[in-house]
Amino acid sequence: MNQHNLHIITNFSEYITLERGMSANSIEAYTRDVDKLAFYAESVLKNRNFEEITTDELAAFIEWIARLGMKPRSQARILSAVKQLYRYMLFEDMIEDTPADTIQCPKMGMMLPNVLSVEEIDSIEAAIDLSSNEGERNRAIIETLYSCGLRVSELINLKTTDINPEEGFIKVTGKGNKARLVPISHTALEYINYYVEKMRNHIAINNENKDYLFLNRRGRKLTRVMIFTIVKQLVEAAGIDKNVSPHTFRHSFATHLVEGGADLRAVQEMLGHESIQTTEIYTHLDSSYLRDEILTFHPRSDKRQQILDVTENLPDDIIEPNYDVINAEEFDDVEELMKMKEEIENNLPHRD
């Protein structure tokens, strides 16, 4: 690789670590994405330095990664990283103006993942073998994911001191090390207490992990992959035919709140969204679902008549909600989730 560009990438990584306060996952993703530009500059642009690349050449780079088969969302993410790189170079007076800012993001769509009903969540918890050493822990994990709407990284980093049962809140450390208070249900607190009494208090806890709430049988902090594995196994055991990840519980939490009439700003605070636009996704989901229900069951609907022509006894799930495709540049950890999902499918770890 061009050593000059490599040096810039190294300094850029340090900059977003120290100055921007990005998470380790975000830093890794940004670095990986600007590495693609470095490869393009070396292989296609004949070892061009970043400072010499023009707007037209950056646009050609985006077209190049599109031809490689990358989806619009991945293209947009890479372009975002490249724009951040050039803004850093501008800040450091390496360039007089940035060639990246005028390049438009490709149009992209993202469908909301499946949302679980309360009954499906109950059936997942009912599938847990509470006679096993990890049963109480897994039930507490599922209930905490759902009732607090946590990200996977937030769940595995939850500490025993973050739980405030008297006030009914937990302290959650989210993206950018930003802390927020989230209400926790009586049921979740009860399950956590059972787990602590029946498992956590009876294992030898590794000294480095003694503060973390959820541990494996060897007294070590759980990994994101392990949470995915637990969810995957429980969903299969419950017989639920949906693509469910740990993040599905977070989506279900938010969707159920919005459907119940919760204030959108309150939901934003509980989820830790920086932008209200991200939270508005759940309003969009709710309205899409209502639209489909009307089209399905309204007496003037052709769609309803077509269904009635097929069967007189409609099962509850005959029509899946047709979620509209939405533009969402910041859709809450989707890239991390897809990466983890792929890691699980390629190398499923042993049951913990």
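Heavy atoms only: backbone and side chains are in, while hydrogens, waters and symmetry mates are out.
The aromatic rings of Tyr88 and Phe12 sit tilted, their planes meeting at an angle between 30° and 60°. Under the 30°/60° scheme for interplanar angles, the aromatic rings of Tyr15 and Phe91 are found to be tilted.
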- Message: Could you go through Leu58 and Leu37, starting from their C-alpha distance and side-chain angles, then the distance that decides it, and tell me whether this counts as side-chain contact (heavy atoms from CB on, under 4.5 Å)?
- Response: CA-CA 9 Å; Leu58 284 179; Leu37 176 62; 3.8 Å; yes
- Task: Could you walk me through whether Ile227 and Phe214 pass the side-chain contact (heavy atoms from CB on, under 4.5 Å) test, one step at a time?
- Result: CA-CA 10 Å; Ile227 303 298; Phe214 294 114; 6.0 Å; no
- Using the side-chain contact (heavy atoms from CB on, under 4.5 Å) rule, take Leu213 and Lys159 through it: C-alpha gap first, then chi angles, then the decisive distance, then the call. CA-CA 5 Å; Leu213 177 61; Lys159 295 182 172 62; over 6 Å; no
- Query: Is there a side-chain contact (heavy atoms from CB on, under 4.5 Å) between Glu136 and Met199 once you walk through the steps?
  - Reply: CA-CA 8 Å; Glu136 295 288 357; Met199 178 185 170; 5.7 Å; no
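Atoms CG and CD1, on Asn11 and Ile16 in that order, are 11.5 Å from each other to the nearest 0.5 Å. Considering OG of Ser123 and CD1 of Ile128, their distance stands at 10.5 Å, rounded to 0.5 Å. Atom CG of Leu189 sits about 4.0 Å away from atom CD1 of Ile184, to the nearest 0.5 Å. Rounding to the nearest 0.5 angstrom, the gap separating the CG atom in Leu155 from the CG atom in Leu145 is 4.5 Å. In this structure, CD in Glu63 is found 9.5 Å from CG in Asp56, a value given to the nearest 0.5 Å. Taking CZ from Phe169 and CZ from Arg180, the interatomic distance works out to 12.5 Å, rounded to the nearest 0.5 Å.
The shortest side-chain heavy-atom distance between Leu85 and Ile8 falls under the 4.5 Å cut-off. You'll find the side chain of Arg200 reaches within 4.5 Å of the side chain of Leu215, heavy atoms only. Looking at Leu150 and Val172, their side chains come closer than 4.5 Å, going by heavy atoms from C-beta outward. A 4.5 Å side-chain heavy-atom check between Ile230 and Met226 finds at least one atom pair inside the cut-off. A heavy-atom distance below 4.5 Å is not found between the side chains of Ile62 and Val82. You'll find the side chain of Ile170 stays beyond 4.5 Å of the side chain of Leu181, heavy atoms only. Side-chain contact between Thr54 and Pro99: absent, with no pair of heavy atoms (C-beta onward) separated by less than 4.5 Å. Ile141 places a side-chain heavy atom less than 4.5 Å from the side chain of Leu222.
Here the closest heavy-atom approach between residue Asn201 and residue Glu197 is recorded as ND2-CA, 3.8 Å. In terms of heavy atoms, Ala60 sits closest to Tyr40 at CB-OH, 3.6 Å. Closest heavy-atom contact between Ala127 and Ala238: CB-N, 4.0 Å. Residues Asn177 and Thr173 come closest through the heavy atom pair CA-CG2, 3.8 Å. Nearest heavy atom pair, residue Val34 against residue Ala81, reads CG1-O, 3.7 Å. Contact between Ser245 and Val231 at its shortest, heavy atoms only, is C-CG1, 4.0 Å.
Geometrically, Arg139 engages Tyr191 in a cation-pi contact defined by less than 6.0 Å to the ring centre and at most 45° from the axis. At least one cation-pi condition fails for Lys36 and Phe39: the charged atom is not both under 6.0 angstrom from the six-membered ring centre and inside a 45 degree cone around its axis.
Around CZ of Arg87, the count of heavy atoms belonging to other residues, nucleotides or ligands within 6.0 Å exceeds 12. For Asp241, the CG atom counts as loosely surrounded, since its 6.0 Å shell holds 12 or fewer non-hydrogen atoms of other residues, nucleotides or ligands. Atom NE2 of His7 has 12 or fewer neighbouring heavy atoms from other residues, nucleotides or ligands inside a 6.0 Å radius. Around the NZ atom of Lys171, the shell of radius 6.0 Å holds no more than 12 heavy atoms that belong to other residues, nucleotides or ligands.
Taking the six-membered ring where the residue is Trp, the centroids of His4 and Phe50 are separated by 6.0 Å or more.
One N or O on the side chain of Asn216 and one on the backbone of Gly219 form a donor-acceptor pair closer than 3.5 Å. When atom types are taken as modelled, the side chain of Asn157 and the backbone of Ser153 share a donor-acceptor pair closer than 3.5 angstrom. Under the 3.5 Å distance criterion, the side-chain polar atoms of Thr229 are matched with a main-chain donor or acceptor of Val225. With hydrogens and angles disregarded, a donor-acceptor distance shorter than 3.5 Å links the side chain of Thr17 to the backbone of Ser13. Without hydrogens or angle criteria, Glu154 side chain to Arg151 main chain gives a donor-acceptor distance under 3.5 Å. Asp129 places no side-chain N or O within donor-acceptor distance of the main-chain N or O of Gly135, the cut-off being under 3.5 Å. For the pair Asn49 (side chain) and Glu52 (backbone), a donor-acceptor distance under 3.5 Å is absent. Looking only at distances, a side-chain donor or acceptor of Ser252 sits under 3.5 Å from a matching main-chain atom of Leu116.
The pair Lys242-Glu120 meets the salt-bridge criterion, since a charged nitrogen lies less than 4.0 angstrom from a carboxylate oxygen. Looking at Lys83 and Asp101, no side-chain N of the basic residue comes within less than 4.0 Å of a carboxylate O on the acidic one, giving no salt bridge. A salt bridge links Glu57 to Arg48: at least one charged side-chain nitrogen sits closer than 4.0 Å to a carboxylate oxygen.
The one candidate from His251, His256, His247 that meets the ring pair (Phe, Tyr, Trp, His ring centres under 6.0 Å) condition with Tyr146 is His256.
Side chains of Asn206 and Lys221: no donor on one and acceptor on the other come within 3.5 Å.
In the hydrophobic clustering of ILVMFWY residues, with side-chain heavy atoms under 4.5 Å counting as a link, Tyr194 and Leu158 come out apart. In the hydrophobic cluster analysis, where Ile, Leu, Val, Met, Phe, Trp and Tyr join through side-chain heavy atoms closer than 4.5 angstrom, Ile240 is grouped together with Phe249.
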